[in-house]
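Numbered from 1 within each chain, the chains take letters A, B, ... in sequence-line order.
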Amino acid sequence: MASISLKNIFKIFEDGTTAVNDFSLEIEDKEFIILVGPSGCGKSTTLRMIAGLESISKGELMIGDRVVNNVAPKDRDIAMVFQSYALYPHMSVYKNMAFGLELRKLPKAEIDARVREAARILDIEHLLKRKPRALSGGQRQRVALGRAMVRSPAVFLLDEPLSNLDAKLRTTMRTEIKKLHKRLGTTFIYVTHDQTEAMTMADRIVVMKDGVIQQVDTPQRLYDKPFNMFVAGFIGSPQMNFLDALVSVRNSQIYLVLSQNEINVTGVFGLDERLLSYADKYVKVGIRPEDITNDEDFVKKNADKLITAKVEVNEMMGSETYLYLDYAGEKITARVQNARAETDLSVLAVKTDKIHLFDPNTTINIFI
Amino acid sequence: MNSSSKAFSKAVLYAVLAVASAVFLAPILIVVINSFKGKLYISDEPFSLPDGETFAGLENYTSGIEKTEFISAFGWSLFITVFSVLAIVIFTSMTAWYIVRVKNFFTKALYFIFIFSMIVPFQMVMFTMTKTAAELSLDTPWGIILIYLGFGAGLAVFMFCGFLKSVPLEIEEAAMIDGCNPLQTFFMVVFPILRPTAITVAILNAMWIWNDYLLPYLLIGSEYKTIPIAVQYLRGGYGSVDMGALMAMLVLSIVPIIIFYLFCQKYIIKGIVAGAVKG
């Protein structure tokens, strides 16, 4: 039983800055939650408050069914993996993993069994006698995970654990951590600034900005139904394109008037009241790069959904091509499957069923 | 041409270094050689090796040990040095840990007071300090340890602070989560990481305290004689000095500190570099 409940949590530092602002979240037992956001958004501070390394200025934190606001870190039944791994440099790998158990005065035989079991799972049995300085980054990462594992904690806290690894190793460790979560059946709270990590690993993602939760949802729903422009722009790579458009209603048809083209969106949204309330007003149109296509068939069939843009850079990725376009002075990106070299002026079609519309003032998705 | 000029400059460098090391080693060598000569020959032929006539065997040593009560002086020197160094290493490393980890006005002020104490020369405070110490009944071998702690603290805190700044806080946080209380965190995690600096601090202070003459002379010299004071008593009245015994006692007093240095010297460089580069 290790559900976690954060109720109206605030972190206000001595100098008056509010790092975490009214953070409320219910985390279920065995859930894999990822806090994601740009640096300085308060995600690490939130994690550190859960760990007990940072005091809670206001609000209530519950692990299981007890309030732990004033409980010491060691008594919260948590384990933490740090970005720098924070291994004890003077101890061997074995001792690093056994240290927490020794402090808890567990019998030697049990400590040994637990350390060896964790080492077996993480494939670091052959490293047990080494000191951390004799290990590679990936191996240190495993030891840090092992040190957390042996404690069999109710909650695993991971603070950007992969950011010091190279790209290839990061991908491998991503899968490993996901597997580990399944195997251990423990609640995981993971902090990262990398949206790819968040999308690939999480059961639910918490997107934060300036200490405030922007949206909490499953990766797929965050992608499909972003609550505001920040979430829409943060999740997905390359980033979503935002264009200004005037909503124009003529002959029972709704058009989005862009700077050079008009797109008919009646087929997608119908005469939705929420959209009609923006008639003759501007909205922000969010189009993901993969929803702009140069597929010839699609372009031919959708003459009322075209945009004409100048190709500035053509980036071949192998399986797909990124087109960096200039659309009447605005920079947009398209991710097309067709690898033919697009040059100069290109006619592309927008998959209107995938576009998002945001209020330009509140930046909130107008359909939410 | 190029390689030969390189070889030449290398040869010059070696020659200079050889002369320098001879200059540094000569006094020790002269003391050792003369400690085996009869006392009458020392002034006559200070640089010659002992031969059949001048060789005195261990006589200088036995007479010196007897005259200076060397065993007792050695005991007091050892007692004061060991416990002063232990006190300096343990207390100043803890203080530095507090100064580096707790950042407020008080710790900042404390740090600058420690730094300032390094630039106050001992001679400036010695009379007032010894008088005050005597009034506080600190004029004992136990009391002098406290005073050495005070004089040694400045440099030691400075060095520990420099090193501690490079120790990631996350290691201590990991220890907290693992179940350490602050004392356990310090002794089981932080102090072992500080080891190179601790050894450097220990060596520097051991050499200074072992060889110190002025403070023990002013404070406890009449009752408890440390080696430098005891050796001084070999100077008799009217300028007569028992040179043989003096040389022998000097040899005995420098041997322990040289052994200590040889054991730990590789850490001196390590400790100073670690503090300096990452501080």
Side-chain angles (χ1 to χ4, degrees), chain A residues 13-15 44 47-54 71-92 95-106 111 131-133 140 143-151 153-161 164, chain B residues 89-90 93-94 96-98 100-109 160 162-202 264 266-267 270-271 273-275 277-279:
Chain A
F13 286 113
E14 274 175 23
D15 62 0
S44 282
L47 191 78
R48 290 169 58 81
M49 283 194 285
I50 298 173
L53 299 172
E54 208 79 63
V71 174
K74 67 186 170 84
D75 301 321
R76 292 192 181 196
D77 201 10
I78 49 143
M80 187 154 169
V81 177
F82 293 88
Q83 183 177 358
S84 65
Y85 319 133
L87 299 176
Y88 308 123
H90 56 292
M91 295 182 193
S92 66
K95 189 89 176 111
N96 258 286
M97 289 165 71
F99 187 61
L101 302 177
E102 284 170 1
L103 286 170
R104 285 173 166 71
K105 301 207 162 50
L106 257 67
I111 294 176
K131 290 270 174 69
R133 65 170 173 274
R140 284 180 203 186
V143 176
L145 281 170
R147 185 172 65 180
M149 265 168 69
V150 292
R151 299 248 316 273
V155 185
F156 250 79
L157 306 174
L158 302 103
D159 188 4
E160 309 221 14
N164 285 355
Chain B
V89 168
I90 292 172
S93 58
M94 270 184 160
W97 188 47
Y98 184 81
V100 170
R101 292 303 183 222
V102 182
K103 290 192 181 86
N104 56 29
F105 174 77
F106 170 70
T107 56
K108 232 182 227 172
F160 279 122
F163 186 74
L164 270 163
K165 280 177 198 160
S166 71
V167 177
L169 181 62
E170 290 185 341
I171 292 180
E172 291 159 39
E173 291 177 340
M176 264 170 80
I177 291 177
D178 263 344
C180 285
N181 60 34
L183 271 182
Q184 285 173 318
T185 306
F186 181 78
F187 283 109
M188 298 169 92
V189 175
V190 178
F191 194 73
I193 296 174
L194 288 179
R195 202 176 67 162
T197 309
I199 291 174
T200 311
V201 168
C264 308
K266 71 172 178 177
Y267 292 98
K270 243 191 195 174
V273 169
V277 174
K278 297 188 176 169

- Message: The criterion is salt bridge (Lys or Arg N to Asp or Glu O under 4.0 Å); which residues satisfy it with Glu54(A), sequence neighbours excluded?
- Response: Arg48(A)

- Task: Could I get the full list of salt bridge (Lys or Arg N to Asp or Glu O under 4.0 Å) partners for Arg151(A), not counting sequence neighbours?
- Result: Asp178(B)

- Query: Contact part of Ala148(A) toward chain B, heavy-atom cut-off under 4.5 Å: side chain, backbone, both or neither?
  - Reply: neither

- Task: Quick one: sort the Phe191(B) and Phe186(B) rings into parallel, tilted or perpendicular, breaks at 30° and 60°.
- Result: tilted

- Message: For Leu101(A), which atoms come within 4.5 Å of any heavy atom of chain B: side chain, backbone, both, or neither?
- Response: neither

- Item | Which atoms of Gln184(B) approach chain A - backbone, side chain, both or neither, heavy atom under 4.5 Å | side chain

- Between Tyr85(A) and Asn164(A), what is the shortest heavy-atom contact and its length? OH-CB, 3.5 Å

- Sort out for me which of Pro89(A), Ala144(A), Ser84(A) touches chain B most, counting heavy-atom pairs under 4.5 Å. Ser84(A)

- Message: Counting heavy-atom pairs under 4.5 Å with chain A, which one of Arg195(B), Met188(B), Glu172(B) comes out on top?
- Response: Met188(B)

- Message: Nearest 0.5 Å, please: how far is CE in Met97(A) from CG in Leu87(A)?
- Response: 10.5 Å

